Amino acid sequence: MNLREKIKNIPKTELHCHIDGSLRPSTIIDLLIKNNLPLPISNLDKVEDYFKINGDCSSLKEYLSKFDFPIKVMQKKEELYRVTFELLEDAKKDGISYIELRFAPYFHTVKGLKPEEVVEAVLSAMKDAENKFNIYSGLILCAMRHESSSKAVDVINLAKKYIKSGVAAVDLAGNESDFPPEIHREAFDIAYETGLNITIHAGETGICENIMKSINILHASRIGHGIFAYKNQKTLDYLVQNQIPLEMCPKSNLDTKAVKSYRDHPIKTYLENGLRVTLNTDNRTVSNINLVDEYMNLVNILGFTENQIFQIIKNGISSSFCSENLKNKLIKEFNKSL
Ligand SMILES: [Zn+2]
């Protein structure tokens, strides 16, 4: 068995995957047509490619523009159900046994859905996919940095309602440069006091200080990306000593120009220096990546050894927000597969 097949067959986790960045292009097209909405370009042969970054992404603006069409077709319960169910089917094909999906629920209330209906449609697809594909999942609700602090409180209160029925954690996402973590202190104080797990996008776009701020002010127990930790030795030391998991997504970081080339990504140095690194896709469609390909990039471009790959897979299991029972089951399945 070659290494690719071996990696594919090992039961894995994925902890950082945005639903709206991971719709099947064929589904976006189908739903745009069903809603009588225009396609982004008229050339039917090229329209599927429009939703992905192909080759060099010109800017963060171009990257973010790829989310406009998916969000337009995630405004009905059946649409949210379909895209979630299909995403879980795709994740299973990567050999993923447990995945944490995330999205910003209020993006999906444009046509009148209540936020509860949005969350319940996604949770219902997760439950059905678990039964059909034997893939476990948890949902992470994202508050958005550019929105008001009271909107972030609304997201946390929404998450509280589903803490025992599928919502695994809350997150803060969006423009990191202009909206520092402390703006949303109140919301994440509530999340922490409620016992919600907290992960925060931080250190993704050059601002290293946001990593420690997210831990100290927003109570993050995991960090989304954290690539710029290397800018501050104290931050690196803290992450190692406290074994704070980093949800790393190298292909996405390449697309958003957070790193100049894949070879420049710090993931290997971080692993070798004792940071608790996990590997994720971020946005499967927009970044045109799946988890097996991302593992193979680590091997082929960054020279990861098999043992380093196994370490990252184990880190994914131990860093997940699932129950201890499920973690033990995942660890057993991992050990059995080697
Ligand atoms: Zn992300």
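One is the number of the first residue; the rest follow in order along the sequence. Everything quoted here is computed from the prediction, not taken from an experiment. Each ligand, and each atom within it, is numbered from 1 in the order the structure gives.
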Exercise for the section: Tell me, please, if Cys249 has any N/O/S atom, main chain or side chain, under 2.8 Å from the Zn ion (ligand 1)? Expected result: no
Exercise for the section: Evaluate the ring planes of Phe334 and Phe310, with Trp represented by its six-membered ring, and classify them as parallel (under 30°), tilted (30 to 60°) or perpendicular (over 60°). Expected result: perpendicular
Fill in the blank from the handout: To the Zn ion (ligand 1), the closest N, O or S atom belonging to His18 is NE2
Handout entry: Lys/Arg cation over aromatic Tyr81: Lys76, 6.0 Å, 45° cone
Key = no
Practice task
For the residue pair Leu254 and His265, establish whether any side-chain heavy-atom pair is separated by less than 4.5 Å.
Solution key: no
Exercise for the section: Give the atom name of whichever N/O/S atom in Asp282 sits closest to the Zn ion (ligand 1). Expected result: OD1
Handout entry: Steps toward ring-ring contact (aromatic ring centres under 6.0 Å, His included) verdict (Phe179, His184)
Key = CA-CA 9 Å; Phe179 302 93; His184 297 291; 8.0 Å; no
Problem - His225 backbone or side-chain N/O/S under 2.8 Å from the Zn ion (ligand 1) - result: no
